[in-house]
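Convention: sequence-line order gives letters A, B, ...; per-chain numbering from 1.
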2 protein chains.
Amino acid sequence: MEQLTILIVDDMEAHRRRLARIIGELPHLSIVGEAQSGKEAVALAVEEEPDIILMDIEMEDKMAGIRAASEINFSSPESKIIILTIHKDNDSIFSAYQTNIADYVIKSASKEEIIEAIENAASNTSPIRPFVASKLREEFARVKKFEENFTHIFQVIATLTPSEVEILKSLCQGLTRKQIAAERSVELETIKKQISSILKKFDKRNTKEVIRIINDHDLFTMINKIQF
Amino acid sequence: MEQLTILIVDDMEAHRRRLARIIGELPHLSIVGEAQSGKEAVALAVEEEPDIILMDIEMEDKMAGIRAASEINFSSPESKIIILTIHKDNDSIFSAYQTNIADYVIKSASKEEIIEAIENAASNTSPIRPFVASKLREEFARVKKFEENFTHIFQVIATLTPSEVEILKSLCQGLTRKQIAAERSVELETIKKQISSILKKFDKRNTKEVIRIINDHDLFTMINKIQF
DNA sequence: GAAAAAGGGGTATAAAACTTCCCCCTTATT
DNA sequence: AATAAGGGGGAAGTTTTATACCCCTTTTTC
């Protein structure tokens, strides 16, 4: 079996020791460095050019490991990065998979799983693990759909007037015409008129359809940020 | 081991026979139907409610299997779909992963791999296979980046006035201020003023930067379609 | 180095758009 | 029956926009 050099990146001594013990048992794996921060990791990666980097995410800050991975992809593209973390939340996973990582493994994984991850990474045969796959599939579908459908919606929203945008925000929050009128301190008739204009621009016959296409594409957050 | 019902969908007799042979060897797997088209597949899925559907992609047309999978997700959401195809091109894979499939397996896979795919799908533990993972990682990063950058640019473009949009279109075509003034039959000073306003909204110091971010995200076509 | 283009700031005015309100009405929804 | 949703016409006042002119500096181009 091919000789592999490994860099361990984790800010906790105990975690580094556990990994060192696991790797130490295998003669074809050798640790060429240990880093306690993202910064150190980037420097050591350039210096040692390891085959594999085992990278924790949360160090100096919540995403230090992801940023380090991203920098290493640029400065030391030959090193394969395995994210080895306790975090299995969507944010961590999606951020990680936006950089070119080989694998994403939970720290509680068995010795065998960690070694398998290293071997797979080295031979470019890392699958995406089941617990990641389901989340990634969903998110992938969402962003792909977003990309495909945004063009039309974009054109419509570009033509909305400032107060129409504000009313649209309120509609997305589920407010009725009456509530929106109260909120904006204007007559109900005014709101009715403007919603009518919004529907025309979207070419829809009722507000439900408009809200649906906005929710379907997760555009609410985006619309909510529009400020005139 | 739990009893699993399986639906085979493929327009080629020989392929269906091979799968039937593989499945027939295992007592806990039973074939409850065979379909030769996407349409048949949807009907049989509703009728038989199979645990697993082995689905070919290219049947009536190039993407019949993907469409069928999408419909089955809606009408028979309990059935797990395994795409089993000869196509490993990006289009097929990305389309497949936009619908909720359990796995994507190449037809030349060994008997063992196919059975493993079925077992994993049944127990909700399908990883994304290495040959798919690398492509999916790349595409995921691309569309995620698109979505992130789009949000900011979107907010800016939503605040542009009609004539600012027109001038932006001209700028993207590489026209100078003088040319745009001539094109719109207005004074040069007017255009200078409006471009100044555009730069402020984009928070950029020159038009090159604005054009660059528009081109970087392939937004020109989209902006060009905006009509007030 | 001169000329042209790009970019920033101020001011002003007519036209356009927006906001608001009123009236009327029909159709869903409850 | 009552309320909400949706469509259409009209009209007032206000705000923005589009346009133009002035001034200036910096950058690019020839």
Side-chain angles (χ1 to χ4, degrees), chain A residues 153-216 220 223-224 226-228, chain B residues 153-215 220 223-228:
Chain A
I153 299 165
F154 174 87
Q155 293 163 42
V156 172
I157 293 179
T159 69
L160 294 180
T161 68
S163 77
E164 280 168 353
V165 170
E166 293 306 317
I167 291 169
L168 185 57
K169 290 178 190 175
S170 300
L171 278 176
C172 289
Q173 283 161 13
L175 300 187
T176 65
R177 286 159 171 70
K178 211 176 189 176
Q179 289 172 317
I180 297 173
E183 191 187 48
R184 313 201 84 218
S185 308
V186 294
E187 289 301 308
L188 174 61
E189 284 297 319
T190 304
I191 299 301
K192 284 171 70 175
K193 195 87 180 172
Q194 291 183 309
I195 288 179
S196 182
S197 168
I198 293 171
L199 292 177
K200 256 184 226 155
K201 288 180 178 176
F202 273 94
D203 195 26
K204 297 287 171 201
R205 281 174 300 97
N206 57 62
T207 53
K208 275 175 200 159
E209 285 182 55
V210 173
I211 293 168
R212 195 174 48 71
I213 62 173
I214 288 171
N215 286 334
D216 280 0
F220 176 62
I223 290 170
N224 226 19
I226 299 174
Q227 294 295 342
F228 286 87
Chain B
I153 299 165
F154 175 87
Q155 291 163 42
V156 173
I157 292 177
T159 68
L160 294 180
T161 67
S163 78
E164 280 169 354
V165 170
E166 292 307 317
I167 290 170
L168 185 57
K169 290 178 190 174
S170 300
L171 277 176
C172 289
Q173 284 161 12
L175 300 187
T176 65
R177 285 159 171 72
K178 210 175 190 176
Q179 289 172 318
I180 298 172
E183 192 186 48
R184 313 200 83 217
S185 309
V186 295
E187 288 301 308
L188 174 61
E189 285 299 319
T190 303
I191 299 301
K192 284 171 72 176
K193 196 84 180 174
Q194 290 183 311
I195 288 179
S196 181
S197 167
I198 293 171
L199 292 178
K200 258 184 224 153
K201 288 180 179 176
F202 273 94
D203 195 25
K204 295 288 171 201
R205 281 175 297 100
N206 56 63
T207 52
K208 275 175 199 160
E209 284 184 55
V210 173
I211 294 168
R212 195 173 50 70
I213 63 173
I214 289 172
N215 286 334
F220 176 64
I223 290 170
N224 226 21
K225 283 181 185 161
I226 299 174
Q227 297 292 344
F228 286 87

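- To the nearest angstrom, C1' of D:dT28 lies 15 Å from CZ of B:Arg205.
- In this structure, CD of B:Gln194 is placed 11 Å from C1' of D:dA20, rounded to the nearest angstrom.
- Closest approach of A:Leu160 and A:Phe228 over heavy atoms only: O-CZ, 4.1 Å.
- Set against C:dG7, D:dA5, D:dG7, the side chain of A:Thr176 has D:dA5 as its closest nucleotide.
- Within the structure, a side-chain polar atom (N or O) of B:Thr207 is placed less than 4.0 Å from OP1 or OP2 of C:dG7.
- Using a 4.0 Å heavy-atom distance criterion, A:Lys178 is classed as a sugar-phosphate-only contact.
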**Test log, rule side-chain contact (heavy atoms from CB on, under 4.5 Å), inputs B:Ser170 and B:Arg184** = CA-CA 10 Å; B:Ser170 300; B:Arg184 313 200 83 217; 5.7 Å; no
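- Contact check, B:Thr190 against D:dA20: a side-chain N or O comes under 4.0 Å of OP1 or OP2.
- Between A:Ala158 and B:Ile226, the shortest heavy-atom contact is CB-CD1, 3.9 Å.
- Summary of helix geometry: the two end axes of the helix from C:dG1-D:dC30 to C:dC18-D:dG13, each defined by five base pairs via their C1' atoms, are inclined to each other by 40° (rounded to 10°).
- Residue A:Phe228 contributes atom CZ, which lies 10 Å from atom P of C:dC18 at whole-angstrom precision.
- Look at CG on B:Leu160: it is 10 Å from P on D:dA18, rounded to the nearest Å.
- Between B:Cys172 and B:Ile214, the closest heavy-atom pair is SG-CD1, 3.8 Å.
- Between B:Arg205 and B:Leu199 the shortest heavy-atom distance is O-CD1, 4.0 Å.
- For A:Pro162, taking side-chain heavy atoms from C-beta onward, the closest of the listed nucleotides D:dG6, C:dC18, C:dA6 is C:dC18.
- Contacts of B:Lys193 with the nucleic acid, taken as non-hydrogen atoms under 4.0 Å apart, include base atoms.
- Distance, A:Lys200 NZ to D:dG6 C1': 11 Å, rounded to whole Å.
- The side chain of A:Glu187 lies closest to C:dC21 when the candidates are D:dT19, C:dC21, C:dG7.
- Taking atom CZ of B:Phe202 as the reference point, atom C1' of C:dG8 lies 19 Å away to the nearest angstrom.
- Picking from D:dA18, C:dG8, D:dA5 the nucleotide with the shortest atom distance to the side chain of B:Ser163 gives D:dA18.
- Residue B:Leu171 comes nearest to B:Ile211 through the heavy atom pair O-CD1, 3.3 Å, listed as atom of the first residue, atom of the second, then distance.
- Note on B:Lys208: nothing from the nucleic acid sits closer than 4.0 angstrom, heavy atoms only.
- Across the protein-nucleic acid pair, B:Leu199 atom CG and C:dG9 atom C1' stand 14 Å apart, rounded to whole Å.
- Using a 4.0 Å heavy-atom distance criterion, A:Glu189 is classed as a base contact.
- Note: NZ (A:Lys192) to C1' (D:dT3) measures 10 Å, nearest angstrom.
- B:Ile191 approaches B:Arg177 most closely through the heavy-atom pair CG2-O, 4.0 Å.
- Side-chain contact between B:Lys204 and B:Arg212 is absent, with no heavy-atom pair separated by less than 4.5 Å.
- If you check every strand for non-hydrogen atoms under 4.0 Å, B:Thr161 touches sugar and phosphate atoms only.
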